[in-house]
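Proteins come first, then strands; the chains are lettered A, B, ... in the order of their sequence lines, and each starts at number 1. All values reported here derive from a predicted model rather than from experimental measurement.
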Amino acid sequence: MRRSSGGEGRAASERPSTFRRASSSMAYEHKDIEQKWRAEWAKRKTYRVENDPSRPKYYVLDMFPYPSGAGLHVGHPLGYIASDIVARYKRHCGFNVLHPMGYDSFGLPAEQYAIQTGQHPAKTTEVNIARYREQLDNIGFSFDWDREVRTSDPSFYKWTQWIFLQLFDSWYDHEAQKAKAISELLSRFDAQGWHPADACALTGDVEEELGAFTADDWKAFDERTKQRILQHFRLAYLSEAWVNWCPALGTVLANDEVKDGVSERGGHPVERKRMPQWSMRITAYAQRLLNGLDALDWSESIKEAQRNWIGRSEGALVKFRLKDAAGDIEVFTTRPDTLFGVTFVTLAPEHELVEVITPAERRDEVMAYVTTAKNRSERERMADVKKVSGVFTGTYCIHPFTGQEVPIWVGDYVLGGYGTGAVMAVPGGDQRDWNFATHFGLPIIAVTEGADISKEADERRDATISSEGFLKGQKVPDAITRAIAELEKLGAGERRINFRLRDAAFGRQRYWGEPIPIYYKDGVPYALPESELPLKLPEVDKFLPTEDGEPPLARAADWSYEGYPLETTTMPGWAGSSWYFLRYMDPKNEGRFASPEAINYWQQVDLYVGGSEHATGHLLYFRFWTKFLHDRGWINFDEPAKKLVNQGMIQGVSMIAYRLFLSVTAMTSGDDERELLDLGTIPEVLVSREIYEALRSDSLSPIVLGQIEDRLKAITSEAHQGQPNRVGNVRLSGHGQGKAIHTHVDISLVNERRELNLVEFQKQNSRSRPIRLFDAGPYLCVPEVEKMSKSKLNVVNPDDIISKYGADTLRLYEMFLGPIEQSKPWDTNGIEGTFRFLRKFWNLFHQDGETPGQARSDNAPSVSDEAPTKPELKVLHATLKKVTEDIERMSFNTSVSQFMIAANELGSLKCNKRAVLEPLVIALAPFAPHIAEELWEELEHSDSVTGAAWPQWDAQHLVEDSFSYPISFNGKTRMQLEFPIGLSKEEVEAQVLANPEVQAKLGGQPPKKVIVVPKRIVNIVV
RNA sequence: GCCCGGGUGGUGAAAUGGUAGACACGAGGGACUUAAAAUCCCUUGGCCCGCAAGGGCUGUGCGGGUUCAAGUCCCGCCCCGGGCACCA
């Protein structure tokens, strides 16, 4: 290792830039420094973490990425940099910090790519991961790569499958509010059978009602029946679920993949279909998932999103007896107090009673409506709220209180998946019911005092009930209680808490996911023995469904266990990510997903950083699995992450150009016009945004259009100089809005002044048509801030920035951009500032001793051991204070500012004192680790700066002797007066009033009031 | 429609109810240099008065309010971004 004093002694081959530097003062050589320290960290295993129970732990986790083919762009590292700063800071503070990284490597894009190219997804995934790794390494993260996990690795998904089996082997005991082993349920059935009123009755999407059975019944059931019953209780269970089935693709599509009833790629029709699906009974945990939120240090918006998603509502279940058939329509309502305002009942089109109750003569009409309504996706039904549609079934049910007949309608504003799939319609008290009633001319009864039901429903919950009946005159809350009591007395209903949360579909008809460790005997699903795990993905000839619509796994040669067929669907993307945080604790364990010792030591994630788009998906399943593993005694905490921070999205600045396509006629020598066929000679014209907008507006005047066309003719003629034919007419070839189009231009073709590089633009678009400008050049593109994405040609790759400025500059800049949680556009304009700061900081250690901020030309260290001066100490301690406090509250942009202030001030002071610079190197290390290591080494330390103790700030250096008070009159600052710190309020007031300038302002009038806030302000009220 | 964020200079932004615009970019001017790079210094919210020193008015999306004092707290709006579920 070279010594810090040996700048001149370095061999030219080792540092080829030495000579260049001799003639320049580009002293801070980021490339050399960063390369050196990357290699050094890897060699020394600087970021290796041991499970060491003797030390306090801190667990910092990033949401792991899906390794897509596009690689990282500058938006990805934002959260990683923030978490890396915290991880490094906590290390300096003496914590044993777990800061791992891995890959969520199962997923659709790899499979899509495999279908197109025939390449195995494992292969492309491998390539993508290598690329990600290289890019991550370039940024200098302190990840312990020995703990890397990949969800698609059999040694990882073995345990995903194992957890699945635990869920399969569990049921939820609502009395004890926890999951228990199926064996306990079996002994219970053996002893007492089961009744629907038992507390182990379950929420969720159980389709058929499960009837009561006695212990003797249970013992007499055959194996199939027993297993079928158990499906009603298992937390991982096979049931029927609605899916988006695409017959053309032979596969099930996610909601995202369906647009307007057709598949987004390819445009094939999609229908809603019921299919056997593995599901997760997350609904059992609804109340606990809701309760747990209060104690979490997560952003309010995420917690609120989860609360809404879980959607707890209190109300009543009400039964309306059918008039012409046996049975009831059950509805859930939050407003049983409005029962006397019911004028009809509406069923969802999916409701099973629709078919049963509709009389023959209305059948065709009703079923026609049901078919169209059912096939609309929920998103569609959601989109046009204003359109009312429905149909009368022709039958009635009986009002439980009045005994009157209530007509039964079908309407698609009622959703099959929520509540009971039926509502009691109270048009006087519910706006959607009101809309429906008004549209179909159904009666509307006022339910509350003072409501004007001619215009809208009255949904107030602080009103008094006015509808005729025993609830009249009562306040809403009292009426609710009373109504429920009456319903219960009549056996026509009961109190009910309803959750919106639905059970999670857990099967995918795909190849690239974890195989589900289940085999079928006699059509009954059985758990694969643990000893068979991992159940590895089989080789298949194609990654497509089979001809008869089975998932790709059905193509495998021998996809069976002891002669019984294995499950062919795979797990969804969220399986691996629901528990991966536990694997990092003990990633190589072959006998368990993680050892109890490791889990006891690392416990919950202390800080979790990731995007807010996972608010209701990943973050809910993540909590669900944690609670489940806790219930079954595998872990001793039931929330995965104490604190969650959502980094904002980095948007890209796209560059837009506006293009015109022309159609041109030519004049031959005989003055005949004919269409010019040689498109290659017709220019493509770039116009300004103003002209683009003018052309697209409907109100474009013919005169202006004529002027534009004249100009286009001139351009075209010019382009045709030397051609045999003269240009005749020039017209825009498109029609209406198509006359002009806007295009994304690759941002690398546009300079800082937004000028388009026409030569490159032409080349990159390989257009044969010449490009001409409508106005005199250069062509200015119009910037637009939008999501950073490849298709918008606005992605900025961190690699380019790193090679130009270095990783430390990138890290600082991304933090300097603004608060971590805010979305902001990526704009490299400011990056020079952070780069200059690092150079200034570097120069403090290599001063030439003359010009402030100027480095020695030989780049030799200039640090002295002299005692620092008072102002120097003040800068140091003010910086330490601010930076420490800012890291604690994750305000990284302001800490970077403080470092800049320190570098500027120490530069002016020409401070080169070790006692000042050394603590600053440690404080800067979490932000800019490479330069900090290099300077630390120059300060003659042989160990890594990452292990140095965090420097403490000392308030004594920040004490001021005096304070310059802003003196304001009626809140407006007018002057400054300096007073010693120790002066009392009264003394300050007296001295202020004695001041001649203040007296002049007062003009002889005595002030009404004088407010003195020590060390803040003086306000004189006149 | 509902829920959650957010609106401050040319730009990214800062500001425990207490001097609005720190820090940085950009822009303009200057020093050093043969030149460039690098570095340093000055100016930079708007409007107005003044030769100048300096001074005044105004200003944090809009309209009110509380307060000695409001970017910050309260009420009512507008706009932008994100999320969602016509949720009975």
Tell me the interatomic distance from A:L817, atom CG, to B:A24, atom P, rounded to whole angstroms.
16 Å

Once you apply the 3.5 Å cut-off to both distances, tell me the Watson-Crick or G-U wobble partner of B:A15, or none.
none

Hey, does A:T346 reach any base, or is it just sugar-phosphate, or nothing, if we go heavy atoms under 4.0 Å?
nothing

Does the A:S968 side chain pair with the main chain of A:V1018, one donor and one acceptor, at a distance under 3.5 Å?
yes

Rounded to whole Å, the CE-P distance (A:M975 to B:G55) equals 10 Å

It should be established whether A:R335 places a side-chain nitrogen or oxygen under 4.0 Å from OP1 or OP2 of nucleotide B:A88.
no

A:Q822 CD to B:G81 C1', straight-line distance once rounded to whole Å
11 Å

Stacked cation flag A:K303 on A:W298, 6.0 angstrom / 45 deg:
no

Which nucleotide in the set B:A15, B:A88, B:C4 lies at the smallest distance from any side-chain heavy atom of A:E304?
B:C4

Between A:R836 and B:G26, is there a side-chain N or O to OP1/OP2 distance below 4.0 Å?
yes

Would you confirm whether the ring centroid of A:F436 sits within less than 6.0 angstrom of the ring centroid of A:F344?
yes

Base paired to B:C57 (Watson-Crick or G-U; both N/O distances under 3.5 angstrom)
B:G46

Quantified in whole Å, what is the C1' atom distance between nucleotide B:C4 and nucleotide B:G9?
29 Å

Just name whichever nucleotide pairs with B:C51, Watson-Crick or G-U, keeping both distances under 3.5 Å, else none.
none

Tell me whether the rings of A:Y28 and A:W842 are parallel (<30°), tilted (30 to 60°) or perpendicular (>60°).
tilted

Looking only at atom P, what distance separates B:G50 and B:A31, rounded to whole Å?
31 Å

Using atom CZ of A:F816 as one end and atom C1' of B:G26 as the other, report the distance to the nearest whole Å.
13 Å

Where each residue is assigned the nucleotide of RNA chain B containing its nearest heavy atom, which of A:T616 and A:E821 is assigned the position nearer the 5′ end?
A:E821

What nucleotide, of B:A88, B:C23, B:C87, holds the atom closest to the side chain of A:I901?
B:C23

What integer distance in Å separates A:L317:CG from B:A88:C1'?
12 Å

Which of B:G18, B:C4, B:U19 is nearest the side chain of A:V1013? It is B:G18

I want to check something: taking the side chain as every heavy atom from C-beta on, are A:F841 and A:M900 in contact at a cut-off of under 4.5 Å?
no

Separation of B:A24 atom P from A:F835 atom CZ, nearest Å, is 16 Å

When you compare B:C74 with B:G1, how far apart are their P atoms, in angstrom units rounded to a whole number?
24 Å

A:R432 vs B:C87: side-chain N/O to OP1/OP2 distance below 4.0 Å:
yes

Rounded C1' spacing from B:A85 to B:C2 in Å
9 Å

Checking B:U19, B:C40, B:A88 against the side chain of A:T334 (C-beta onward), the nearest is B:A88

Between B:G18, B:A88, B:G56, spot the one nearest the side chain of A:L415, thanks.
B:A88

Residue pair A:E300/A:M900 against RNA chain B: nearer the 5' end by closest nucleotide is A:E300

Interatomic distance at C1', B:C77 relative to B:C23, whole Å
35 Å

Under a 3.5 Å limit on both distances, the Watson-Crick or wobble mate of B:C84 is B:G1

Assign A:S301 to base, sugar-phosphate, or nothing according to its heavy-atom contacts below 4.0 angstrom with the strands shown.
sugar-phosphate

Base paired to B:G9 (Watson-Crick or G-U; both N/O distances under 3.5 angstrom)
none

Does B:G9 count as syn, meaning its glycosidic angle lies within 90° of 0, or as anti?
syn

Distance, rounded to the nearest Å, where A:N893 contributes CG and B:A15 contributes C1':
12 Å

Let's see if you can work this out: which of B:A24, B:C84, B:A38 has an atom nearest to the side-chain heavy atoms of A:W309?
B:C84

What does A:D433 touch in the nucleic acid at a heavy-atom separation under 4.0 angstrom: a base, only the sugar-phosphate, or nothing?
nothing

Between A:R974 and B:C57, does any side-chain N or O lie under 4.0 Å from OP1 or OP2?
yes

Any donor-acceptor N/O pair under 3.5 Å between B:C25 base and A:N829 side chain
no

Suppose we define a pair by two distances each less than 3.5 Å, Watson-Crick or G-U wobble; what does B:U39 pair with here?
B:A31

What do the steps show when you test A:I465 against A:V476 for side-chain contact (heavy atoms from CB on, under 4.5 Å), and what is the final call?
CA-CA 6 Å; A:I465 299 298; A:V476 169; 4.3 Å; yes

Using salt bridge (Lys or Arg N to Asp or Glu O under 4.0 Å), reason through A:R307 and A:E300 one step at a time and then give a plain yes or no.
CA-CA 10 Å; A:R307 283 190 193 106; A:E300 220 24 67; 3.3 Å; yes

Using the P atom in both, what is the distance from B:U72 to B:G61, to the nearest Å?
8 Å

Is the shortest heavy-atom distance from the side chain of A:Q647 to the side chain of A:V609 under 4.5 Å?
yes

Please report the distance separating the P of B:G63 from the corresponding atom of B:C48, rounded so that it comes out in whole Å.
22 Å

Would you measure the distance from the C1' atom in B:U67 across to the matching atom in B:G18 and give it in whole Å?
12 Å

Answer yes or no: side-chain N or O of A:R1016 and base N or O of B:U16 forming a donor-acceptor pair under 3.5 Å.
yes

Report the distance from atom NZ of A:K972 to atom C1' of B:G59, rounded to the nearest whole Å.
11 Å

